[in-house]
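Inspection log for the structure reproduced underneath, given as structure tokens.
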Amino acid sequence: MKVKALSRSSADYVRERSQDIHKVQRNLDPSIHPFEQGREYVRALNSVKLERLFAKPFVGSLNGHIDGVYSMMKHPQQLSSIISGSGDGEIRIWNLTEQSTTWKVRAHSGIVNGVSAGRRQDQFLSCSTDKTVKIWQPSESDSEAIQTYIGQYAFTGLSHHRSDALFATSGHSIDLWDETRSDPIQTFAWGADSYQSVKFNQVETNILASCGSDRTIVLYDLRTNKPLSKVVMALKTNAIAWNPIEAYTFATANEDHNSYVFDMRNMTSAHNVLKDHVSAVMDIDYSPTGQEIVTGSYDRSVRVFDARKGHSNDMYHTKRMQRVFCVQFSMDSKFVLSGSDDGNIRLWKAHASEKLGIKDRRERTKLEYSGKLKERFGHLKEIKRIDRHRNIPQDIKRADRTKKEMLQARRVKDDRRRKHSSKEDASKHVAERSKSIIGVAK
């Protein structure tokens, strides 16, 4: 005679690591959960409120410079190191984990306008208005440059080739230097009196871009020894950043309060326009993933954008922070650094409400579930209102209100002109991404 007995394991009814909490067996059939959507809406609303409650992006400040910070660079191999240059000619290397200076030197007699990583891991370059470019190796020398290059005019920007012993400088012209020679091996110029910035493409390493005082953005190819194309903007461009993932995409910081994302294969219109600043955008940088963009503005604020959207996800500011002249993403895309002319470098979280430190499995699952709920119900009015709420300084809020009134009045005027104009060119609608582009030359 056979007797069948039920055999049950306690592991099927008790949660792991918590012997006193029982498992909940759930049936996911939607027909037996008629109020599931209402419950999930409440959960989404609570998660958005908690996200705003715990949004504390400021991590710390790096004090040490006695003048404004006008150039900054993250180390491409060392995650916790950055290099900064100030208006009094001082250069410092910072350790972000300890928030302290590890090396400093009075490098130049003028403003340090650019710093860039060198060919070797322990080297970096700096340029200044004192007409010199210097190569530094902190591991070998404490206060002396291992190489100095002297130019005829003040330098305004610097960028090093990713693998070769080449670097480019901007100033009176775009000069290409070889580290083994004392004079430029190549000079590029296309009509501008001076150039503000120059950047090598880190994917297509033979391509570099520059922005000039004549409101132009010029692309160069080292293999052809001549410029590729030139875009004339309505106002001057202050900085350029290449997308580290997409070889043909770059972003520019413009004086018209906007940032523009271009595809170098078609420069007749911008790929995207990043708005929300109320003053000139001074610097711009991509995250290492290429998915986010950070901008620093003359309106004393830092904004973080999704690279595919036109408005910022977040805005960072403090009461003491002054005009922001340089911004950088950290190499792990988790932090943002900003340098302002109050001599302070500030460290921010790239996502304001993200928790720092180790998260266990249950916490990660809860955060992922909350993110999906926010994504599902994010279009609803109340959740959208809470998610977009920010504490903005009064002067920025007033300037933003005035700017919106001006843009609306301009939009109405253009609509009326097109409606009542008899000329075909005057009645044609101009897209927002093409308004600021005056012309393209090749």
Side-chain angles (χ1 to χ4, degrees), residues 54-88 90-105 107 112 114-118 120-126 136-139 142 158 160 202 239 241 244 282-296 301-304 313-318 320-322 324-359:
F54 292 111
K56 301 183 185 303
F58 184 72
V59 177
S61 62
L62 309 179
N63 297 309
H65 285 296
I66 60 175
D67 205 335
V69 181
Y70 298 108
S71 59
M72 190 164 50
M73 180 207 73
K74 56 179 177 286
H75 201 287
Q77 281 86 25
Q78 298 176 8
L79 184 64
S80 61
S81 293
I82 67 161
I83 304 170
S84 63
S86 68
D88 61 350
E90 186 183 54
I91 296 176
R92 287 176 180 253
I93 299 179
W94 302 85
N95 189 324
L96 296 182
T97 56
E98 300 178 358
Q99 298 183 15
S100 61
T101 303
T102 59
W103 183 83
K104 65 178 180 178
V105 67
V112 182
V115 288
S116 179
R120 293 177 51 179
Q121 183 176 348
D122 57 344
Q123 291 182 357
F124 70 93
L125 292 83
S126 65
W136 303 90
Q137 189 169 348
S139 60
D142 292 335
L158 173 69
H160 198 280
Q202 298 299 307
M282 304 305 296
D283 197 14
I284 189 168
D285 188 41
Y286 268 98
S287 68
T289 60
Q291 303 297 315
E292 292 178 304
I293 295 175
V294 60
T295 58
S301 69
V302 177
R303 289 184 182 267
V304 181
N313 295 335
D314 222 325
M315 188 196 78
Y316 301 151
H317 63 91
T318 63
R320 297 183 179 182
M321 186 165 70
Q322 297 301 311
V324 180
F325 283 92
C326 53
V327 290
Q328 288 283 305
F329 255 102
S330 65
M331 287 301 292
D332 58 356
S333 298
K334 291 183 178 294
F335 299 96
V336 167
L337 294 123
S338 64
S340 54
D341 60 357
D342 59 355
N344 207 324
I345 299 174
R346 291 173 174 85
L347 183 64
W348 315 82
K349 289 189 286 187
H351 303 283
S353 59
E354 183 180 9
K355 178 186 175 183
L356 300 179
I358 299 174
K359 297 184 283 288

So, for [X] and [Y], which heavy atoms are closest and what is the spacing to 0.1 Å?
{"X": "D314", "Y": "A352", "answer": "OD2-CB, 3.3 Å"}
{"X": "N344", "Y": "S61", "answer": "OD1-CB, 3.3 Å"}
{"X": "P244", "Y": "Y286", "answer": "CD-CB, 3.6 Å"}
{"X": "G64", "Y": "R92", "answer": "O-NH2, 3.1 Å"}
{"X": "I83", "Y": "V115", "answer": "O-CG2, 4.0 Å"}
{"X": "P288", "Y": "S333", "answer": "CD-OG, 3.1 Å"}

From [X] atom [atom1] to [Y] atom [atom2], the distance as rounded to the nearest 0.5 Å:
{"X": "L337", "Y": "I82", "atom1": "CG", "atom2": "CD1", "answer": "4.5 Å"}
{"X": "M321", "Y": "R346", "atom1": "CE", "atom2": "CZ", "answer": "6.0 Å"}
{"X": "Q137", "Y": "Q123", "atom1": "CD", "atom2": "CD", "answer": "4.5 Å"}
{"X": "I91", "Y": "T101", "atom1": "CD1", "atom2": "OG1", "answer": "13.0 Å"}
{"X": "M73", "Y": "S126", "atom1": "CE", "atom2": "OG", "answer": "10.5 Å"}
{"X": "K355", "Y": "F54", "atom1": "NZ", "atom2": "CZ", "answer": "10.5 Å"}

Between R120 and D122, is the salt bridge (Lys or Arg N to Asp or Glu O under 4.0 Å) condition met? List the steps.
CA-CA 6 Å; R120 293 177 51 179; D122 57 344; 3.3 Å; yes

Does N95 offer a backbone N or O that forms a donor-acceptor pair with the side chain of S80 under 3.5 Å?
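No; zero donor-acceptor contacts below 3.5 Å.
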
Donor-acceptor under 3.5 Å (S71 side chain, V112 main chain):
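Yes; judged by distance alone, with no hydrogens or angles, the pair exists.
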
Do the non-hydrogen side-chain atoms of [X] and [Y] ever get within less than 4.5 Å of each other?
{"X": "L96", "Y": "L79", "value": "no"}
{"X": "V336", "Y": "F329", "value": "yes"}
{"X": "V59", "Y": "K349", "value": "yes"}
{"X": "M72", "Y": "I345", "value": "yes"}
{"X": "F335", "Y": "W348", "value": "no"}
{"X": "Q121", "Y": "Q78", "value": "yes"}

Geometric class of the F124/W103 ring pair [parallel <30°, tilted 30-60°, perpendicular >60°]
perpendicular

Worked verdict on T295 versus V327 for side chain to side chain contact (heavy atoms under 4.5 Å, CB included):
CA-CA 6 Å; T295 58; V327 290; 5.6 Å; no

Taking side chain to side chain donor-acceptor pair (under 3.5 Å) as the definition, give me every residue that meets it alongside [X], ordered by chain and number, with sequence neighbours left out.
{"X": "Q99", "value": "none"}
{"X": "Q202", "value": "none"}
{"X": "S353", "value": "none"}

Partners meeting salt bridge (Lys or Arg N to Asp or Glu O under 4.0 Å) with D67 (sequence neighbours left out)
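None.
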
Salt bridge (Lys or Arg N to Asp or Glu O under 4.0 Å) contacts touching residues 282-293 (sequence neighbours left out)
K74-D285

ring-ring contact (aromatic ring centres under 6.0 Å, His included) filter on F325, not counting sequence neighbours, yields Y70

